K.L.:
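The following block contains the structure, expressed as structure tokens.
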Amino acid sequence: MEFRFEHAQSLYSVKAERDGESFRVRIGERVYLVELVRAAGGELVFRLGDQVLTAHIGRAGETLHLALGAQQFKLSLAKPSVRRKSAEGGSASLSASMHGQVVRVLVEEGEVVRRGQPLVLLEAMKMEIRVTAPHDGRVVRLLCSVGEVVQRAQPLLELAEL
Amino acid sequence: MEFRFEHAQSLYSVKAERDGESFRVRIGERVYLVELVRAAGGELVFRLGDQVLTAHIGRAGETLHLALGAQQFKLSLAKPSVRRKSAEGGSASLSASMHGQVVRVLVEEGEVVRRGQPLVLLEAMKMEIRVTAPHDGRVVRLLCSVGEVVQRAQPLLELAEL
Amino acid sequence: MFERLLIANRGEIAVRIIRACRELGIQTVVVYSEADADSLAVQLADRAVLIGSPPPSDSYLRADRIIEAARQTGCQAVHPAFGFLSENAAFAQMVREAGLIFVGPSPEAIQAMGLKTEALARVRAAGVPTLPSYDGQGLLEDFQRAADALGYPLLVKAAAGGGGKGMRVVRDPAELPAALEASAREAGKAFADNRLFLERYIEAARHIEVQILADQHGNMVHLFERECSIQRRHQKIIEESPSPYLIERPQLREAMCQAALRAAQSVGYTNAGTVEFIVDAHTGEFFFLEMNTRLQVEHPVTEAVTDVDLVQLQLRIAAGEPLPFRQADLYQRGHAIECRIYAEDPSEHFLPSTGDLLCVVPPSAPHIRVDSGVRTGDAITIHYDPMIAKLIAHARTRPEAIRRLDAALAAYVILGVTTNIPFLRDVLAQPDFQRGETTTTLIERAFAAWQPPNPPLPDSALIAAALSQLLQSGAPALNAAPAESDPFSPWARPDAFRVGA
Amino acid sequence: MFERLLIANRGEIAVRIIRACRELGIQTVVVYSEADADSLAVQLADRAVLIGSPPPSDSYLRADRIIEAARQTGCQAVHPAFGFLSENAAFAQMVREAGLIFVGPSPEAIQAMGLKTEALARVRAAGVPTLPSYDGQGLLEDFQRAADALGYPLLVKAAAGGGGKGMRVVRDPAELPAALEASAREAGKAFADNRLFLERYIEAARHIEVQILADQHGNMVHLFERECSIQRRHQKIIEESPSPYLIERPQLREAMCQAALRAAQSVGYTNAGTVEFIVDAHTGEFFFLEMNTRLQVEHPVTEAVTDVDLVQLQLRIAAGEPLPFRQADLYQRGHAIECRIYAEDPSEHFLPSTGDLLCVVPPSAPHIRVDSGVRTGDAITIHYDPMIAKLIAHARTRPEAIRRLDAALAAYVILGVTTNIPFLRDVLAQPDFQRGETTTTLIERAFAAWQPPNPPLPDSALIAAALSQLLQSGAPALNAAPAESDPFSPWARPDAFRVGA
């Protein structure tokens, strides 16, 4: 079978198939013979030559979280699609960095703000979190209101470059 | 569904069925409403009133090994059948108490032996294990020979009461 | 000793108290909110009582429901641990009036130490040095005048506060009004008391605290110090004992420990408590900051170097037993370091990270202790502190303890949320930290631009990802013999596999 | 320090050495037999080399293959741990001749201490008391004459022995010939050397040993004692430090520690070693038994009370580093107790129990250490020692350590084989043990008729059994939402469940 993973904007294709008691895994030109040692409770142990490697794997939606030694990686299982950065110039929305409640909105639509200026106060886990302007700009549209509970990555307002 | 377990020569019938988000479990006249909290990696956690109990369960063949608190139980899943003790009088076979290798056979067929007399020497895990006569008797038949590897519970010889 | 204890808390500290009770043969009852119904603490306790919805104001702060739960389950005592109601004198009083034992000091002692201004007056009278400060009665203008008199930089603090909530450093007079407003708001939310006060701020500061224990028979001992200078957002993340600063200054240690005892005596303190000091690293002066009238998060480092089980001692003292040792019997041996593992992103202002814990595997090694209240399948939610675990290493020397802690951090698997593990490892490796030159500004000074490591993706990670996907797909080629090693698992797929068996 | 170490061992001690190496930044290579291909040690090591079939004679005793593996993988040193080739002077010599470092004493020191008769002569010359004995050259008649001279009861021991193999107590002259024959046979198998010797047997005996460390620069220290009197079949099952016998006898402790140093000096000893003594509990006399020229199974109790990491020190000494402390820097603090958890049936003469480990969940609690080489899915086989784990508790006092150990034993889940856990708990609760009156015959005296607890089956066990069977049956009623807490598991059944989520 062929699997496609995305990591740090790069796309990887990995072919894996059973070969007797082992697995044959092909990554680009490189072919590995892998023996499965153990698979239980999120732990995957496999033999690669004289190394026995331990991976821990969890899946959330289309993301594989993977720990290998002291390193961690997030691989996306999603169909590859070029990620669009926010449109240059024009306006871009500013999102909540975490799940929380809007405590105060410090600006109004149309207001011109300086880089670093606080725009919205969120409260999450008993802490106050301040959403600040990433650049000088003008508030085009407010997308949240006081008391509202917002999700991580939910747009809070649109900010246009000056 | 109804499940039947044997423990310490007693037979238990347990009826368990889904009831909304919980399970209804009936043991004899007693009915329990059980909520499943967690089931992963051999661990089963369930709520029974204001107690949350943790069981660990493993199965080997028709035996369920179960740990609950600091106590352990072995439940047999096998169809209930009255276990026959070795025939009274007459002869009974003497079995290996563990997997091992026969190092020496110390008696011959027909020999009369005293209670406690060593009959066979086994070696297992680098230790010498001595199979002794459980009662005075006569060796009816030898069922093993030097060098043979024997399994736990494999008969080694038949011993008749005098 | 009482037979049954109610634990009015959650998470790792509830688990830790349950473990202490098991060694003492005490039954445990935990209260829990709906968010914690399936938590480890609920699983491990002998009994568990639901007391409300996830927000603390409807559960862990509901004194009435907690006391009712204790009554209904036949508990003789209540352990508040830390946070929530642990420093609430009214709660301690309610517990007492319900005929139960409060595992902690008297309501009067909590009250006296809880209001910072009263606490300062008391300990000053007992000869304990305190920071020049302003007790914050009055209007904005009064604060501004007082601030000018104290000089900048200064600290704005909540009068009823603790844990860094409502605390702000102000370096410029122009920042003062905004700081006062924000602190008052936070303090009001956290403590239902928005009174503030001002204090001199020391730039090269070390946070060093002294653990004390006092029984109900007039005996009191100290258990030496902990240094907790490594902080982010004014919250401790790495704590150790002994303090690297005091290793070469035994006389200063003795002076601080004696001052701590005097501070505790000034309010007739009983049970476990901690006297926090700020030490000016340049001058060696020390000043009383506050007394925490409860168990501390970082109590394990003291346990590691003194061999005293603080939670068990709390229970014994509450039950009326005398201290089983005198000061001369106590020792401080080896070196212990704790770090707090949080679900947070150190490269994004330490913003908490919520989510499901897809896989949690704590490290196991000699002289490594893991205090945690979560396991695979649990979630870090918005409702509570995002601490995942405390990891404590103990060794003969500080460098060995650092290496031990680092190896354990490297082996700790936590998938599903962003954690501060890579950050903690970098702090342990930082030259000032390694030399023991630990001041409260080390993090903001040396790690302002910290970014998580971004290693290239090795082929072995792709192999693991592909294998796991292949196994999940249940391809027919995988139908080998059933797993010999795990012959029974109610949740294993029917086509369980094991190759090479 | 060397960069890469070969571990010529298996199981828990291989895992323990790997963990020490991780803290020191040393890479590890383990050798393994076919039976250990999927073992934890192989999983944790950086590299693993197969050296033969399961019988030790074809793998862990194959010096040639082990040295070849070290060469091929670029190791600079070899750690033999205990058992197998650890006290084989020829192996130490081969390692040296291959240009590798042997982590242990010189071949000459191993040799000198390995032959018990030579060892006795050496230490006697160094002023260390030894038991009246007969060195066993000669025919049966010579042994009988010597035995009559020594008096009964006496001990028959293997000249090349250790670990109780080939050892027998003889109380009656008539039993002597059979005992000699059996011991010679066992000794021949275990050590390829069937020579024997006789020794006075002390009825009220305590087994107390002293840990020493010596570097290659002439520095030597002791790390106090361990008491290992609790034995079954002449093998230790519970070990502690300090010895309850020496707590009240500091002068005897000092005399024994000094004697241990003299014994080690008499053979120019380097690295870690243990001098074993037998103490007559009635008279307070002590006699040299033997010196173990290697790490001991029970080393963790010394590590707990001294904070010295013995394995790391072994590696540092082998690499040529000087000891980082002097005698005066060392301390013995608190109380540590280890028990060895075996797959065995104490009610059936401690017969080893083989089988698959269906479920293994080690306890986790403050100041509890678990050293184990197995996990769920592994098997206890006929090939190797059936030890599952070492469990070590450390506390301020002996009673606290006992309670801590008992709570951890109660929480240790091991399903699939019979273990000695219930037995160990009963030993910890035995009045003589609790009073510290521990002699080597305690087990045979107080536990000859021991039977495992046979609690009645509670309904909760039947509920758990029925639920697990129901879940396994995959009844359609169970198709709830997929497990929120474990959204990805390649080996979870497609109809994974979670109720109440």
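These numbers come from a predicted model, not from an experiment. All chains are named by letter (A, B, ...) in the order of the sequence lines, taking the proteins before the strands, and each is independently numbered beginning at 1.
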K.L.:
Are D/Arg168 and D/Glu175 ion-paired here, with the side-chain N under 4.0 Å from a carboxylate O?
P.N.:
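Salt bridge: no.
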
K.L.:
Where on B/Arg47 is there a heavy atom nearer than 4.5 Å to chain D: the side chain, the backbone, both, or neither?
P.N.:
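Neither part, no heavy atoms under 4.5 Å.
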
K.L.:
In terms of heavy-atom proximity below 4.5 Å to chain D, should B/Ala16 be classed as side chain, backbone, both, or neither?
P.N.:
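Interface part for B/Ala16: both.
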
K.L.:
Could B/Glu6 and B/Arg4 be called an ion pair, given the rule that one side-chain N must be under 4.0 Å from one carboxylate O?
P.N.:
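No.
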
K.L.:
Between D/Ala461 and chain B, which part of the residue has a heavy atom less than 4.5 Å away: side chain, backbone, both or neither?
P.N.:
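Contact with chain B is through both the backbone and side chain of D/Ala461.
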
K.L.:
Residues in ring pair (Phe, Tyr, Trp, His ring centres under 6.0 Å) with D/Tyr412, at least two apart?
P.N.:
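Counting only residues at least two positions away or on another chain, D/Tyr412 forms no ring pair (Phe, Tyr, Trp, His ring centres under 6.0 Å).
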
K.L.:
Which one wins on heavy-atom pair count under 4.5 Å against chain B: D/Ser460, D/Pro456, D/Cys359, D/Pro455?
P.N.:
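That would be D/Pro455.
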
K.L.:
Taking every heavy-atom pair that is under 4.5 Å apart, which of B/Leu48, B/Leu66, B/Val103 has the most such pairs with chain D?
P.N.:
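When all of B/Leu48, B/Leu66, B/Val103 are compared, B/Leu66 has the most.
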
K.L.:
Using the ring of each side chain (for Trp, its six-membered ring), is D/Tyr60 parallel, tilted or perpendicular to D/Tyr384, with breaks at 30° and 60°?
P.N.:
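Geometry flag for D/Tyr384 against D/Tyr60: perpendicular rings.
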
K.L.:
Heavy-atom cut-off 4.5 Å, strictly under: side chain, backbone, both or neither for D/Ala465 against chain B?
P.N.:
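It is both, since atoms from each part get that close.
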
K.L.:
Heavy-atom pairs under 4.5 Å with chain D are the metric here; pick the option from B/His7, B/Gln51, B/Glu17, B/Gln101 that has the most.
P.N.:
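The residue among B/His7, B/Gln51, B/Glu17, B/Gln101 with the greatest pair count is B/His7.
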
K.L.:
Does the ring of D/Phe350 carry D/Arg232 above it, NZ/CZ under 6.0 angstrom from centre and within 45° of its axis?
P.N.:
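Yes, cation above the ring, under 6.0 Å and within 45°.
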
K.L.:
Does any backbone or side-chain atom of B/Arg104 lie under 4.5 Å from a heavy atom of chain D? Answer side chain, backbone, both or neither.
P.N.:
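The side chain, not the backbone.
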
K.L.:
If we only count heavy atoms from C-beta on, is the D/Lys236 to D/Val297 side-chain gap below 4.5 Å?
P.N.:
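No, every pair of side-chain atoms sits at 4.5 Å or beyond.
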
